[in-house]
Amino acid sequence: MKTTRGRKRRSPAEVLASRLDRRSAHLGVIGLGYVGLPLAVEMAEAGFKVTGIDIDERKVKQLQRGVSYIQDVPTASVKRLVRDGLLNATTDFSVLRKVDTVNICVPTPLSKQRDPDVSFIVSASEQVAKYLHSGQLIVLESTTYPGTTEELILPLLRKTGMEVGKDFFLAFSPERVDPGNPQFNTRNIPKVVGGVTPACTEVAVQLYRQRLEKVVPVSSTQVAEMVKLLENTFRSVNIGLVNELALMCTRMGIDVWEVIESAATKPFGFMPFYPGPGLGGHCIPIDPFYLSWKARASGFEARFIELAGHVNGHMPEHVVTLVAEALNRRGKSVRGSRVLVLGVSYKADIDDTRESPSLDIMEKLREAGAKIDYSDPFVPVLDFFGKKMKGVRLTPAALRRFDCVVISTAHKAFPYAMVLRSAKAIVDTRNALKGKKSPKVVRL
Ligand SMILES: NC(=O)c1ccc[n+]([C@@H]2O[C@H](COP(=O)([O-])OP(=O)(O)OC[C@H]3O[C@@H](n4cnc5c(N)ncnc54)[C@H](O)[C@@H]3O)[C@@H](O)[C@H]2O)c1
């Protein structure tokens, strides 16, 4: 197409690419949680003006004041970026009218029936459709079943009458962030990107290349969606395998931790996974069920996923059995005993308690008649089934008040030597007391 001066008119893709290269594009991120906020901050650090949109007014207000609520995102960076006008936040979706790109980073939980709950994706996409304009790029980052981008989002955007790959661009790019990981972050974790059309992939790659160290284009949105589910299913199945091995080793009187450590000396073909009290977080316990749900809809039974889910889901109950064993050694029953759970976040050294197996263990012990307390340096107050609980400060006297201590999340900051000295009985689900032989320790 030619302009009146005879020059070739640039396509919307070329216009966007050039705005990205010149850092003059205005970027939007929907959903400012563990995934969205680090991404928004990275892109603002690259020099883009970034507007985050969230329905949570509290988060938006905090960001407007330059305060971070995500452990891996320093408040100093947020403050500086907000002050420099590069980062801002709002609950008002009409800002989408002005932004050139939109990354959707909203939650994807399971429903009560353990089916995918894509309502957050749908409601965010409806807002995007309302303000969609020529040259805009939309990227879904929420983990979801293969087909979501093209079966759920694309029809909503097409209703505007605009053409994908020409007037607007749509892609999927799985987020792989690992909260609390000191080595890998949003910037240096390779980013897989798959667009609805080659032009969509190209523009989305162009966006991420501005800041991220490595971008990996793939042939379709479905491949990109499946990549994330393979990664998380791989973890779930392998954790299920070692959890089963741990139960087996207990029966056989073999130390499963020593077995894994020794197997890990093999320099190829083996990767260590460790048993534990159960799966937690917003990814591993949930994502594989997005895949098995979709497989079922295609008439396929995902047996590994279901089996791993079954084994991993049983682990909290197994920990309760170990507590009963530890108490039994001292002639006590679970009912009426005081039990202290160490660590309520779902993994070490972070503050995220979503789907944490510790909560499940606490609930099961409470149901069995135990009096429960917890201690966690990352979670001073815990919302436990609608009741606020305050964490116990660990001292020798405090530890002596409990009949049993359960090490559920092995935070580095716990004083393990003091726990070993002062606790009357210990259930160690993480091998935190590695090498310490004591009759009062029951190990997973
Ligand atoms: N947390 C992780 O470690 C991680 C890692 C990789 C992928 N993921 C995936 O990324 C997605 C987001 O996860 P998260 O951990 O960042 O979740 P989160 O709960 O921390 O953040 C999601 C944010 O979206 C907001 N939100 C919900 N509905 C909205 C809407 N309609 N419009 C605007 N904002 C809305 C929420 O208020 C919240 O602030 C999920 O699909 C998750 O599976 C998470």
Side-chain angles (χ1 to χ4, degrees), residues 34 109-110 112 114 178-180 232-233 235-247 249-250 256-257 260 273-289 305-326 334 339-368 370 372-379 382-387 389 391-392 402 404-412 414 419 426-433 441-444:
Y34 287 90
L110 290 173
K112 282 205 175 77
R114 300 194 72 72
D178 181 21
N232 284 358
T233 301
R235 286 191 61 75
S236 170
V237 167
N238 278 288
I239 293 169
L241 175 66
V242 287
N243 275 334
E244 189 176 73
L245 201 82
L247 302 182
C249 282
T250 305
V256 70
W257 303 95
I260 297 168
F273 284 85
Y274 300 96
L279 298 180
H282 190 27
C283 295
I284 314 294
I286 295 173
D287 302 346
F289 293 100
I305 294 176
E306 297 296 336
L307 183 60
H310 181 75
V311 174
N312 294 328
H314 171 73
M315 292 313 285
E317 214 166 293
H318 179 63
V319 175
V320 172
T321 315
L322 297 181
V323 172
E325 186 191 322
V334 174
V339 179
L340 177 68
V341 172
L342 298 191
V344 287
S345 59
Y346 76 87
K347 67 173 183 173
D349 305 326
I350 65 161
D351 60 2
D352 191 350
T353 59
R354 288 179 296 177
E355 312 284 326
S356 171
S358 302
L359 306 181
D360 214 1
I361 291 165
M362 287 165 70
E363 176 61 2
K364 284 186 164 46
L365 285 168
R366 203 177 57 96
E367 278 168 9
I372 305 297
D373 276 287
Y374 84 96
S375 179
D376 193 316
F378 293 88
V379 188
L382 177 68
D383 201 345
F384 186 57
F385 292 93
K387 206 178 128 215
M389 272 178 94
V392 170
F402 292 92
C404 182
V405 172
V406 181
I407 302 173
S408 191
T409 309
H411 294 309
K412 281 195 204 84
F414 280 137
V419 173
I426 302 168
V427 171
D428 182 3
T429 70
R430 300 284 188 178
N431 203 24
L433 304 176
V441 179
V442 173
R443 240 177 271 267
L444 178 73

Could you tell me the separation between the [atom1] atom of [X] and the [atom2] atom of [Y], rounded to the nearest 0.5 Å?
X: T353; Y: K347; atom1: OG1; atom2: NZ; result: 14.0 Å
X: S408; Y: D428; atom1: OG; atom2: CG; result: 10.5 Å
X: S345; Y: L382; atom1: OG; atom2: CG; result: 10.5 Å
X: I284; Y: N238; atom1: CD1; atom2: CG; result: 10.5 Å
X: R443; Y: I426; atom1: CZ; atom2: CD1; result: 9.5 Å
X: Y374; Y: M362; atom1: OH; atom2: CE; result: 7.5 Å

Counting heavy atoms not belonging to E244, are there more than 12 under 6.0 Å from its CD?
->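 Atom CD in E244 is not packed in, count stays at 12 or less.
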Taking the side chain as every heavy atom from C-beta outward, state whether P288 and R235 have any pair of such atoms under 4.5 Å apart.
->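 No, too far: nothing below the 4.5 Å cut-off.
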Answer yes or no: is there a side-chain heavy-atom contact under 4.5 Å between F414 and V419?
->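 Contact flag for F414/V419 side chains = no.
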Is a donor on one side and an acceptor on the other found under 3.5 Å between the side chain of [X] and the backbone of [Y]?
X: S356; Y: G280; answer: no
X: W257; Y: Y274; answer: no
X: D376; Y: V344; answer: yes
X: H411; Y: D349; answer: yes
X: N312; Y: G240; answer: yes

Results of ring-ring contact (aromatic ring centres under 6.0 Å, His included) for F289 - residues two or more places apart only |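 F289: no ring-ring contact (aromatic ring centres under 6.0 Å, His included) contacts found.
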Taking every non-hydrogen atom, the tightest pair across [X] and [Y]:
X: A308; Y: V237; value: CB-CA, 3.7 Å
X: I350; Y: P179; value: CG2-O, 3.5 Å
X: P357; Y: G278; value: CG-O, 3.3 Å
X: D360; Y: P316; value: OD2-CG, 3.6 Å
X: M315; Y: G276; value: CE-O, 3.4 Å
X: T409; Y: A348; value: CG2-N, 3.6 Å

Listed pairs under 3.5 Å, donor-acceptor, residues 317-325 side chains, sequence neighbours left out:
unit_1	atom_1	unit_2	atom_2	d
T321	OG1	E317	O	3.0
E325	OE2	R329	NH2	3.2

What do the steps show when you test E367 against K364 for salt bridge (charged side-chain N to carboxylate O under 4.0 Å, His left out), and what is the final call?
-> CA-CA 5 Å; E367 278 168 9; K364 284 186 164 46; 6.0 Å; no
Flag the pair H282 / Y34 as yes when their ring centroid distance falls below 6.0 Å, and as no otherwise.
->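 They do not qualify: ring centres at least 6.0 Å apart.
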Does R354 have any salt bridge (charged side-chain N to carboxylate O under 4.0 Å, His left out) partners at least two apart in sequence or in another chain, and if so, which?
->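 Salt bridge (charged side-chain N to carboxylate O under 4.0 Å, His left out) list for R354, sorted by chain: D352.
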